[in-house]
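One structure is given here, and the rest of the page talks about it.
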Number of protein chains: 2
Amino acid sequence: MTDKLTGAAGRQHVADSIRHALRSGDLVPGQRLVENDLAAAYGATRGAVREALQDLAAEEILEIVPRRGARVRTVSVEEAVQITECRSALEQLCAGKAATLATDDQRAELARIGVDMRQAVADGAWEAYSALNQRLHELVIEASGQEVARRTLGRLNGPMVRYQFRLALRPGRPARSLPQHLAIIEAVVGRDPEAAGRAAAAHLDDVIEQLRSSAAPSPT
Amino acid sequence: MTDKLTGAAGRQHVADSIRHALRSGDLVPGQRLVENDLAAAYGATRGAVREALQDLAAEEILEIVPRRGARVRTVSVEEAVQITECRSALEQLCAGKAATLATDDQRAELARIGVDMRQAVADGAWEAYSALNQRLHELVIEASGQEVARRTLGRLNGPMVRYQFRLALRPGRPARSLPQHLAIIEAVVGRDPEAAGRAAAAHLDDVIEQLRSSAAPSPT
DNA sequence: ATCAACAAGATTGTTGACAAGATGTTTCGC
DNA sequence: GCGAAACATCTTGTCAACAATCTTGTTGAT
């Protein structure tokens with residue numbers, strides 16, 4: 001076995017491991033995280049675990065209450081809606097800028113993603129569609145050159161993993177979001193900032209609607 | 001002398017003290033922060049100082065490089081522009097929601113702020129105008145009920161203190177921003193979400209223009 | 001059976017000392 | 001005098017033990 005991870009390395013490792021555990025459902029909201037257990041599980045020192053927990057709390061993924069440890073934060077539907085409203089505002093900005101600033105390579109990749117998305121929906125390849133979806137959003141943000149927005153959106157997405165999961169596997173969801181995604185691509189590739197912003201906003205407004213109609217946040 | 005501050009209390013105190021020192025110019029960008037000095041200066045333990053530095057680094061106010069300590073981060077004009085673009089997107093959202101959701105009390109306070117602002121500009125009372133400006137933005141965000149946007153905007157403002165300072169005392173700036181502020185107030189009080197969003201965006205677009213025309217970020 | 005008080009164990013918070021690395025200074029060869 | 005190596009000093013990072021607090025389980029009285 002390798003030595004115990006310490007400092008920056010351990011900190012990063014533990015934080016990533018917890019994020020991953022969250023995504024894969026190994027950790028559920030409300031669950032308590034004990035420093036010693038995490039240290040043993042991930043082969044890090046308690047100090048490293050402590051710093052990692054602070055980082056995750058700053059991202060609002062965890063909630064740490066003094067003397068009582070860290071818990072996985074639960075995100076209400078209302079908060080998920082607010083997060084998505086903010087994402088909408090920022091992605092609208094990015095889409096508009098991307099329409100003006102994207103390089104030819106980026107426009108080409110966007111077009112390719114559009115083609116692949118159509119195919120994925122036709123084939124019922126849900127995981128592939130989800131990956132393309134994520135890449136699309138990333139690419140639009142990257143093409144906008146808005147580094148601050150990129151970081152901010154990254155922060156906002158942290159606590160949302162749970163909902164992304166729930167929404168993605170709603171029946172008929174891909175068929176519904178496909179035209180919205182294609183509209184974003186078309187506007188950005190076609191150098192129409194106004195339309196790009198509108199398309200991005202329309203897409204996320206639809207996500208908000210879906211969130212609102214999803215009754216309870218968690219059946220567990 | 002009281003005892004050394006430790007844990008959450010010291011952490012908060014040190015972070016606030018550093019923020020204040022930044023605003024008042026006691027700390028300049030690029031300046032190195034030594035943990036022991038801070039601990040002595042603010043009467044806290046080194047542990048508390050350490051945690052405070054982590055917090056400020058998470059807010060992107062400081063930059064901490066391993067084994068070499070923490071420095072005050074310098075914000076380029078380009079980054080300041082990007083931050084303001086993000087603020088624009090989010091405040092647009094908040095202004096629109098505030099126009100619909102503000103309580104009568106909040107609308108009354110907004111109207112009062114408008115009156116006071118006119119007066120302050122007429123009197124040349126710059127500090128008063130600056131305080132009203134800040135209160136106006138706070139109030140719009142509060143009235144929108146968008147807690148996530150509120151936190152996010154707070155984060156974005158962190159690294160901007162320096163530029164707010166530089167912009168506020170440009171000659172003729174208040175006279176220029178006054179009508180923009182009044183337009184926001186009028187739209188929110190008059191329950192016109194569209195106009196409120198447009199007014200907020202227009203105001204911040206003007207701030208961006210001012211930022212761009214402000215040549216070098218720092219004469220030091 | 002219910003509840004309060006208490007004790008035992010578990011968990012987080014804090015401290016002080018030391019290790020590791022960076023920075024600045026002196027000294028030495030040329 | 002100039003540059004480079006050796007040295008001294010300062011600063012941050014790490015750790016292990018201890019202290020403070022919370023949680024859980026038990027007991028005993030009503």
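Quick note on labels: first sequence line is chain A, next is B, and so on, each numbered from 1. Here the structure is a predicted model, which is why all the values come from computation and not from measurement.
With rounding to whole Å, Leu38(A) atom CG is found 11 Å from dT11(C) atom P. Distance Leu5(B) CG to dG13(C) C1': 15 Å, rounded to the nearest Å.
Under the 4.0 Å criterion applied to side-chain N and carboxylate O atoms, Glu59(B) and Arg73(B) are not assigned as salt-bridge partners. Using a 4.0 Å cut-off between charged nitrogen and carboxylate oxygen, Glu63(B) and Arg71(B) do not count as a salt-bridge pair. Salt-bridge formation is not detected for the pair Arg135(B)/Asp116(B): no Lys NZ or Arg NE/NH1/NH2 atom is positioned less than 4.0 Å from an Asp or Glu carboxylate oxygen. With respect to Glu138(A) and Arg150(A), no salt bridge is recorded, no charged nitrogen being found less than 4.0 Å from a carboxylate O. Ion pairing between Arg155(B) and Glu60(B) fails under the 4.0 Å rule for side-chain N and carboxylate O.
When all heavy atoms are compared, the tightest approach of Glu209(A) to Arg176(A) is OE2-NH2, 3.7 Å. When all heavy atoms are compared, the tightest approach of Ala89(B) to Leu90(A) is CB-CD2, 4.2 Å.
Listed by residue number, the members of residues 48-57 of chain B with any heavy atom below 4.0 angstrom from DNA chain D are Arg50(B). For the contact set between residues 59-68 of chain A and DNA chain D, defined by any heavy atom under 4.0 Å, the members are Arg67(A), Arg68(A).
Counting any heavy atom pair closer than 4.0 Å across all strands shown, Arg32(B) reaches sugar-phosphate atoms only and no base atom. Using a 4.0 Å heavy-atom distance criterion, Gly7(B) is classed as a sugar-phosphate-only contact.
Contact footprint of chain A on DNA chain D: nucleotides with an atom under 4.0 Å from a non-hydrogen protein atom, first to last in 5' to 3' order, dT14(D) to dT23(D).
Applying the ring-ring contact (aromatic ring centres under 6.0 Å, His included) rule to His203(B) yields the partners His137(B), His181(B); only residues at least two apart in sequence or on another chain are considered. Legend: residues meeting side chain to side chain contact (heavy atoms under 4.5 Å, CB included) with Asp205(A), ordered by chain and number and at least two apart, are Ser88(A), Ile208(A).
Side-chain contact, Tyr163(A) with Thr84(A): no donor N or O sits under 3.5 Å from an acceptor N or O.
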All N/O donor-acceptor pairs, side-chain side in residues 25-33 of chain A, below 3.5 Å, sequence neighbours left out:
unit_1, atom_1, unit_2, atom_2, d
Asp26(A), OD2, Ser24(A), OG, 3.3
Gln31(A), OE1, Val28(A), N, 3.2

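With hydrogens and angles ignored, a donor-acceptor pair under 3.5 angstrom links the side chain of Arg46(A) to the base of dG13(C).
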